[in-house]
Structures are given as structure tokens and as C-alpha cells.
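These notes concern the structure reproduced below.
Indexing begins at 1, ligand by ligand and atom by atom, following the structure's order. Not measured: the values here are computed from a predicted model.
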Amino acid sequence: MSNEQGITIWEENDIETDEAWEAAYKNFETPQEEIQKFKARLHRLGAGDWPRDARIVELFCGRCNGITALQELGFTSLEGVDMSLSLLQEYSGNARLYAGDCRELKFEINSRDYVIVQGGLHHLPVLSDDLDRVFFEVKRILRPGGCFIFVEPWDTLFLRVVHLSCSLSFLTSRWRRLKALHDMIEGERVTYYNWLNNKSIIETVLKKYFDKEQLIIRFGKVCFVGYTKK
Ligand SMILES: C[S@@+](CC[C@H](N)C(=O)[O-])C[C@H]1O[C@@H](n2cnc3c(N)ncnc32)[C@H](O)[C@@H]1O
């Protein structure tokens with residue numbers, strides 16, 4: 001089933017959206033800031049060398065600025081999945097969008113070349129089960145040797161300083177982005193800290209499905225690039 005904007009709806013029941021969290025997410029960065037950030041990040045992760053007609057899916061794509069960044073880098077076969085229809089509706093480009101749960105992808109086996117996640121795994125409520133479900137699905141839809149990339153928050157000294165700054169009202173009252181980050185973290189507190197506090201579970205599930213090519217930890221984020229295990 002598709003809606004009037006051409007977004008394919010996978011879920012039969014309406015998914016509840018968290019309006020306060022979405023408002024904070026939109027306040028954190030402007031679309032232009034986000035697109036520039038994603039373009040620079042994709043370059044660092046090697047996207048300059050990927051074939052421009054590669055079949056790329058971005059999971060947990062939100063308002064799709066990651067997809068717009070890929071489009072601006074010249075990629076032509078783009079898809080996005082997110083459970084928030086209201087965020088997907090902010091996108092107006094040519095990619096195919098799906099409103100649904102990334103734990104249950106309705107794509108064919110071996111049908112995609114790259115799967116990307118830029119901040120979404122830390123929203124999963126149950127570790128390790130939900131992570132296992134997402135990674136299983138990513139491996140299932142990637143062709144043999146297909147590439148999986150994810151970027152997520154990671155517990156580092158830098159991130160702890162950011163958390164401390166978020167707790168100081170004299171800073172959050174002066175700096176819009178810090179206030180937005182504070183509100184986002186509050187809205188996702190349980191899953192966010194569950195993610196940050198379970199590195200070994202994450203590493204174990206990751207090893208089950210993917211061979212690592214790159215793992216970069218910088219500025220409170222982990223960037224993983226890997227390939228499906230044979
Ligand atoms: C932090 S946002 C990241 C959005 C986007 N990747 C970005 O960086 O702008 C996380 C997104 O995950 C979505 N999400 C959370 N759980 C999901 C699930 N199980 N399936 C699909 N989307 C989910 C939320 O709706 C939200 O848009």
C-alpha cells in the first residue's frame with residue numbers, strides 16, 4: 001500500500017510517533033547542516049569509490065537528509081526505511097521510501113549492495129534480540145559481499161563531556177543545538193543508555209553477521225564498515 005506521496009506503507013497499524021522527540025531532532029540541525037555533515041561523513045567512509053548505480057538502502061533514515069546527501073554525491077538507486085511517516089513525508093526527492101520497522105524488512109534476499117544506518121540502532125528497545133533481528137535482516141537483503149555501514153553514538157570521554165554540558169542549564173539555555181540534544185536524549189533515554197552501556201553485546205552480534213573492514217571511534221561516535229560473512 002502506498003500513500004499519496006508515493007511512500008510505501010509496510011505497517012498495517014499506525015505507528016505511534018513521539019512528537020516531542022521529533023521536534024528536538026529537527027531543532028538539532030537544519031537540513032542543510034545535516035546534508036553537509038552526511039556528505040563529509042560518507043566521503044570519509046569511502047563513498048567516493050562506490051559505483052554510482054549501487055543499490056543503496058538507508059535504514060532508520062528519519063527525514064532522509066542522509067539520502068539527499070547520497071543523491072547529491074551522484075548515487076541513483078536510493079531507498080529509505082523509517083517507522084515515522086511524518087519524518088519520511090519531509091523528503092521530496094526521487095528515492096523510494098518505506099514506512100515500517102527495520103526489524104522486519106520486506107525486501108528480497110540478496111537484493112541490495114549497500115545498507116547504511118546513521119543513528120537508529122540506539123533506538124532499539126531490546127538488546128541483543130532487536131539488534132540481532134536488524135543485523136539478520138541487513139545480511140539477508142545484502143548480496144553476498146554486500147557492504148554494511150553504521151554510525152552510532154559511542155561511550156567516549158568526548159561524549160561524557162557532551163552529556164555533562166547537556167545537564168547544565170546555563171549552557172542549554174544559550175545554545176539551541178545543546179538544548180535540542182538534551183531533549184532528544186531525554187526522549188530516548190532508556191534505549192540510548194542501554195546502547196551505550198552494552199558495547200560487548202553489540203560487538204558480539206556484529207561479529208555474528210559481518211566481517212569488519214573499518215571501525216573508527218571519534219567524537220563520541222562509532223563508524224563501522226563491513227561486509228556480509230560468507
Ligand atoms: C536518531 S533518528 C536518525 C534519523 C536519520 N538517520 C538521521 O540521522 O537524520 C532515528 C530514527 O529511527 C527511527 N526508528 C526508531 N526505531 C525504528 C524501527 N524499529 N524501525 C524503523 N525506524 C525506526 C525513528 O523514527 C527516527 O527517525
Side-chain angles (χ1 to χ4, degrees), residues 7-42 45 56-72 78-91 93 95 97-107 114-138 141 148-154 159 162 177 180-196 219-224:
I7 299 172
T8 303
I9 317 281
W10 280 343
E11 301 296 328
E12 282 166 17
N13 303 317
D14 281 350
I15 301 163
E16 265 185 46
T17 50
D18 180 342
E19 285 176 22
W21 181 88
E22 288 189 6
Y25 161 59
K26 288 183 205 164
N27 271 333
F28 181 60
E29 284 167 319
T30 65
Q32 267 325 308
E33 286 168 341
E34 226 173 28
I35 291 163
Q36 292 315 315
K37 174 185 78 180
F38 288 136
K39 280 167 82 170
R41 181 186 284 169
L42 286 160
L45 294 173
I56 303 176
V57 183
E58 181 157 332
L59 303 180
F60 304 88
C61 63
R63 56 182 172 166
C64 305
N65 288 325
I67 292 178
T68 303
L70 286 159
Q71 215 168 299
E72 291 186 6
L78 298 169
E79 294 168 299
V81 182
D82 197 281
M83 62 164 45
S84 168
L85 185 57
S86 60
L87 290 177
L88 292 174
Q89 280 168 334
E90 303 226 341
Y91 174 74
L97 300 184
Y98 306 86
D101 193 331
C102 292
R103 291 168 292 190
E104 222 173 305
L105 301 173
K106 300 191 183 347
F107 296 129
Y114 292 82
V115 173
I116 302 175
V117 176
Q118 307 210 52
L121 300 174
H122 70 274
H123 283 248
L124 293 170
V126 185
L127 294 182
S128 64
D129 290 5
D130 285 333
L131 193 60
D132 198 288
R133 285 174 68 187
V134 174
F135 286 178
F136 175 87
E137 284 294 77
V138 172
I141 69 167
F148 178 42
I149 293 124
F150 74 76
V151 181
E152 292 288 339
W154 208 242
L159 194 63
V162 172
R177 286 187 61 182
L181 184 62
H182 166 273
D183 293 349
M184 268 196 290
I185 293 174
E186 279 307 304
E188 63 194 39
R189 172 168 280 281
V190 174
T191 63
Y192 180 77
Y193 284 103
N194 194 29
W195 171 266
L196 290 179
F219 297 124
K221 296 231 183 280
V222 61
C223 303
F224 172 86

At the 4.0 Å heavy-atom cut-off, does W21 count as touching ligand 1? yes

Protein contact to atom 9 (O) of ligand 1 [nearest heavy atom, distance to 0.1 Å]: Y25 OH, 2.6 Å

To the nearest 0.1 Å, how far is atom 25 (O) of ligand 1 from its closest protein heavy atom, and which atom is that? D82 OD1, 2.7 Å

Tightest non-hydrogen contact, residues G66 and L42, listed as O-CD1, 4.5 Å

Over 60° means perpendicular and under 30° means parallel, so tell me whether F150 and F148 are parallel, tilted or perpendicular. tilted

Considering only non-hydrogen protein atoms, determine which one is nearest to atom 5 (C) of ligand 1 and report residue, atom name and distance to 0.1 Å. F60 O, 3.3 Å

Which ligand 1 atoms are under 4.0 Å away from a heavy-atom of E34? 9 (O)

Which pair of non-hydrogen atoms, one from N194 and one from L127, has the smallest distance, and what is that distance? O-CD1, 3.6 Å

Could you tell me whether L59 and ligand 1 have an N or O pair separated by under 3.5 Å? no

Provide the number and element of each atom of ligand 1 under 4.0 Å from a heavy atom of G100. 20 (N), 21 (C)

Do F107 and W10 have their ring centres less than 6.0 Å from each other? yes

Backbone or side-chain N or O of M83 under 3.5 Å from ligand 1 N or O: yes

Note: ligand 1 atoms sitting under 4.0 Å from heavy atoms of Q118 are 3 (C), 5 (C), 6 (N), 7 (C), 8 (O)

Does any non-hydrogen side-chain atom of I141 lie less than 4.5 Å from one of V115? yes

Geometric N/O contact H122 with ligand 1, under 3.5 angstrom: no

May I ask you to list the atoms of ligand 1 that are less than 4.0 angstrom from any heavy atom of L87? 27 (O)

Just let me know how F38 lines up against ligand 1, side chain, backbone, both or neither, with a heavy-atom cut-off below 4.0 Å. side chain

Please identify which atoms of ligand 1 are closer than 4.0 Å to at least one heavy atom of D101. 18 (C), 19 (N), 20 (N)

When you measure from the heavy atoms of C61 to every atom of ligand 1, does any distance fall below 4.0 Å? yes

Atom 10 (C) of ligand 1 has as its nearest protein heavy atom G119 O, 3.3 Å

Can we say E22 and R63 salt-bridge, meaning some charged N sits less than 4.0 Å from an Asp/Glu carboxylate O? no

Ion pair present between R103 and E137, side-chain N to carboxylate O less than 4.0 angstrom? no

Aromatic centroids of H123 and W21 separated by under 6.0 Å: yes

Is there a side-chain contact between K106 and E104 (heavy atoms, below 4.5 Å)? yes

Considering heavy atoms of the protein only, find what lies nearest to atom 20 (N) of ligand 1 and give residue, atom and distance to 0.1 Å. C102 N, 2.9 Å

Are any side-chain N or O atoms of E188 and backbone N or O atoms of I185, one a donor and one an acceptor, separated by less than 3.5 Å? no

Of all heavy-atom pairs linking A95 and I67, the shortest is CB-CG2, 3.6 Å

Residue and atom name of the nearest protein heavy atom (relative to atom 15 (C) of ligand 1), distance in Å to one decimal: H123 CB, 3.7 Å

Does N65 have a heavy atom less than 4.0 Å from any atom of ligand 1? no

